[in-house]
Amino acid sequence: MGEDEEKKKAKKSNDYTELEFELGELEFEAKGKSKIVERMFYTLLEKLETGKLKAITSTVRELEDAVDMEQEEEEEEEEEEGEEEEEEDESFSDVEPPPKWEMLDTETPPESEPEKEARESE
């Protein structure tokens, strides 16, 4: 019987796992048979993924909230800049666009008032 007990102990020592870690405020520790520790670990992961268990610290939440607020402010600023650009575009809608380059070569520009007065006085 002494040999049988040693074989059982040897089998147990080969199939023994210890797992410890911290994730945010969550501490996980499992010791025992590899299959059981693995099953516990996957159960923990599933609960984290489905949202049944929260591992985020209050500090991390505060940082996430600050980042969200900053992103919202940037989006608001971009929207305001877009509105200002639209207003500027509308204010220039009354102005005639410059002539095309081809027209400048073939057409003479219209006479200005001083040119008309100079031509009439001659």
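Position 1 is the first residue of the sequence, and the numbers go up from there.
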Checklist outcome for this item: Taken in chain and number order and not counting sequence neighbours, the residues that satisfy side-chain hydrogen bond (donor to acceptor under 3.5 Å, both in side chains) with Thr43 are none

Checklist entry - How would you list, by chain and number, every residue that makes a side-chain hydrogen bond (donor to acceptor under 3.5 Å, both in side chains) with Glu18, sequence neighbours excluded? => result Tyr16

Checklist entry - Can you name the residues that form a salt bridge (charged side-chain N to carboxylate O under 4.0 Å, His left out) with Lys31, not counting sequence neighbours? => result Glu29

Item to check | Atom pair CD (Glu80) and CD (Glu76), whose distance is rounded to the nearest 0.5 Å | outcome: 7.0 Å

Checklist entry - Quick one: side-chain contact (heavy atoms from CB on, under 4.5 Å) partners of Ser121, sequence neighbours excluded? => result none

Checklist outcome for this item: Residues Thr17 and Val37: closest non-hydrogen pair is O-CG2, 3.7 Å

Checklist entry - Mind checking what makes side-chain contact (heavy atoms from CB on, under 4.5 Å) contact with Ile36, not counting sequence neighbours? => result Lys33, Arg39, Met40

Next on the checklist: What's the separation between atom CD in Glu70 and atom CG in Asp65, rounded to the nearest 0.5 Å?
Outcome noted: 13.0 Å

Checklist entry - Under 30°, 30 to 60°, or over 60°: which ring-plane class applies to Phe41 and Phe28, parallel, tilted or perpendicular? => result perpendicular

Item to check | Those residues that, when tested against Gln71, pass side-chain contact (heavy atoms from CB on, under 4.5 Å) (two or more places apart) | outcome: Val67, Asp68

